[in-house]
Novice: 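The structure follows.
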Amino acid sequence: MAKPKSFYFCRQCGYQSSSWLGKCPECGQWNTFEQEVVQSDKRHAVAAANHGIPTSSPRLIQEVTYSENRRIPTHCGEFDRVLGGGIVPGSLILIGGEPGIGKSTLLLQTALSINDQKILYVSGEESEQQIKMRADRISHNSQQCYVVSETSTQRIFEHIDSVRPDILVVDSIQTVNTETIDSSAGSISQIRECTTEFQHYAKTTGVPVLLIGHITKDGTLAGPKVMEHIVDAVLQFEGDRNYGFRILRALKNRFGSTAELGIFEMAGSGLREVANPSQFLLSQRDETLSGAAVAATLEGARPIFIEVQSLVSSAVYGTPQRNANGFDFRRLSMLLAVLEKRCGFKLGAKDVFLNIAGGIRVNDPAIDLAVACSILSSNVDIPISPRICMAAELGLSGEVRPVSRVEQRIAEANRLGFEKIFVSKYNSRELDKKRFDIEIVEVSVIEQAFRELFT
Ligand code: TYD
Ligand code: MG
């Protein structure tokens, strides 16, 4: 046996060095190097070669065939949408998310609903009994789903040999380890090696592999920028654990668009698809409540209507409090400064609390106008009709700026039965207004929107 070698790895990006470094030359982070013992003689070839997996040989590109309809449908519309229409054979898909968000539930549920394929669900986190308990919560009639609790990749490949699955699920990549490396499970070199072994398996056999990955405290996938390079698709499962909504988005997808997004709701019996999220996100509110405004946002390529709620009250203490839930705090400060400077509202002596209903986080700048209007509405204590929605960005001088794909937003507002939509004047130039029944209000500065709404 060769003498064990040790290397230093950057926790952030996986950069490998033979000596300790204070600053990573790859990603520029400080103090991220950790020592790991690596036994790197035969590496991943061992696992694959021993188990009857054919090694690849060069072929002419003309001779390589594939057919688009070979994608395997997951029987879950939202999941398929994010994948770009089903699982591509031979692909390696990483699903990341915070603990408890529902990654295991999503994949077990998918495994149980794909009835026409043989599936091997490997869990390094739960025993077979625990998986069964979870499966019992999710109603299913699957006949072809095998489960096994295992952490060694060598033994996982043995199980693959005996089951010969059509789809492999591994929960989670941080808990499996390969014998070719000495470092402990979850270390960067282990994650990299195991991912490479699964990649080799997926590419040579055409069996798709779905890997679950954990997310670190700072919100990045644990271990692995290295892993992101190896896999074909990186999907992120996110949401507020206190709310039922879960969003699945593609951060990388070699076989589909990253603009797509799937929305689920965590129910007592597993995850339920939400085909019309706006209906859930817009609360059935009373017209007499001030401080609420509806924004027509786009999440990826999909219009989602959300309710922005604000509370403006006199500050009791010297420094006014500001709080934003689901919205960028610095952006809120900027919008408040704009309202103060351009609209003459004395918000400096007021506490401002902002909340995006449903526990959703929004990055679309088109929400700006709704945020400003909800703050103004709470400030003057005049409600905005729930039949009005908005889609515009605010500039530093209080100008209402155009947003992308405004037609799509208006069409959706029209479909959902809104009476009015506020958009930027500069957006509506290219608009064919006759196409819509909804009244389109064009504004160029924030004062104009204010006058329209509150006077
Ligand atoms: P889980 O899939 O274990 O999360 P992860 O694998 O991402 O860590 O999901 C855990 C949460 O989901 C847990 O808090 C319980 C909840 N849950 C339900 O609400 N309904 C269900 O049917 C199931 C299976 C889980
Ligand atoms: Mg889990």
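Just so you know, ligand 1 is whichever comes first in the structure, and atom 1 is the first atom listed for that ligand.
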Novice: Just by distance, with hydrogens left out, do T178 and E193 show a side-chain donor and acceptor under 3.5 Å apart?
Specialist: no
Novice: Under 3.5 Å between some N or O of ligand 1 and some N or O of A267?
Specialist: yes
Novice: What residue and heavy atom of the protein are closest to atom 15 (C) of ligand 1, and at what distance?
Specialist: R137 NH1, 4.3 Å
Novice: Compute the minimum heavy-atom distance from G97 to ligand 1 and say whether it is under 4.0 Å.
Specialist: no
Novice: Within 4.0 Å of atom 13 (C) of ligand 1 (strictly less), any protein heavy atom?
Specialist: no
Novice: If we only consider heavy atoms of E98, is any one of them less than 4.0 Å away from an atom in ligand 1?
Specialist: yes
Novice: Would you call R71-D80 a salt bridge at under 4.0 Å N-O?
Specialist: no
Novice: Heavy-atom distance to atom 5 (P) of ligand 1: which of S123, G268, S172, G100 wins?
Specialist: G100
Novice: What about I138: any of its N or O atoms under 3.5 Å from an N or O on ligand 1?
Specialist: no
Novice: Do S189 and S183 meet the criterion of a side-chain donor-acceptor pair at a distance under 3.5 Å?
Specialist: yes
Novice: If you have a sec, work out which protein heavy atom is nearest atom 4 (O) of ligand 1 and how many Å separate them, to one decimal?
Specialist: G102 N, 3.0 Å
Novice: Under 2.8 Å from the Mg ion (ligand 2), is there an N/O/S atom belonging to T105?
Specialist: no
Novice: Decide, yes or no, whether a salt bridge links R81 with E78 under the criterion of side-chain N to carboxylate O below 4.0 Å.
Specialist: yes
Novice: Under a 4.0 Å N-O cut-off, is there an ion pair linking D364 with R405?
Specialist: no
Novice: Which ligand 1 atoms, with their elements, are less than 4.0 angstrom from a heavy-atom of T105?
Specialist: 1 (P), 2 (O), 9 (O), 24 (C), 25 (C)
Novice: Is R415 salt-bridged to E412, going by a charged N under 4.0 Å from an acidic O?
Specialist: yes
Novice: For M334, I'd like to know if atom CE has over 12 heavy atoms of other residues, nucleotides or ligands within 6.0 Å.
Specialist: yes
Novice: Suppose we measure from atom 17 (N) of ligand 1 to each protein heavy atom; which comes out shortest, and what is that distance?
Specialist: M266 SD, 3.7 Å
Novice: Side chain, backbone, both or neither: which applies to S104 and ligand 1 if a contact is any heavy-atom pair less than 4.0 Å apart?
Specialist: both
Novice: Taking the ring of F198 and the ring of F157, is the distance between their centroids below 6.0 Å?
Specialist: yes
Novice: For ligand 1, which atoms have a heavy atom of S269 less than 4.0 angstrom away?
Specialist: 22 (O)
Novice: Looking only at distances, please establish whether an N/O atom of ligand 1 is found under 3.5 Å from an N/O atom of G270.
Specialist: yes
Novice: Would you call R134-E126 a salt bridge at under 4.0 Å N-O?
Specialist: yes
Novice: Given E265, R272, R134, which has its nearest heavy atom closest to atom 3 (O) of ligand 1?
Specialist: R134
Novice: Which ligand 1 atoms, with their elements, are less than 4.0 angstrom from a heavy-atom of P99?
Specialist: 8 (O)
Novice: Q35 and S6: side-chain donor and acceptor closer than 3.5 Å?
Specialist: yes
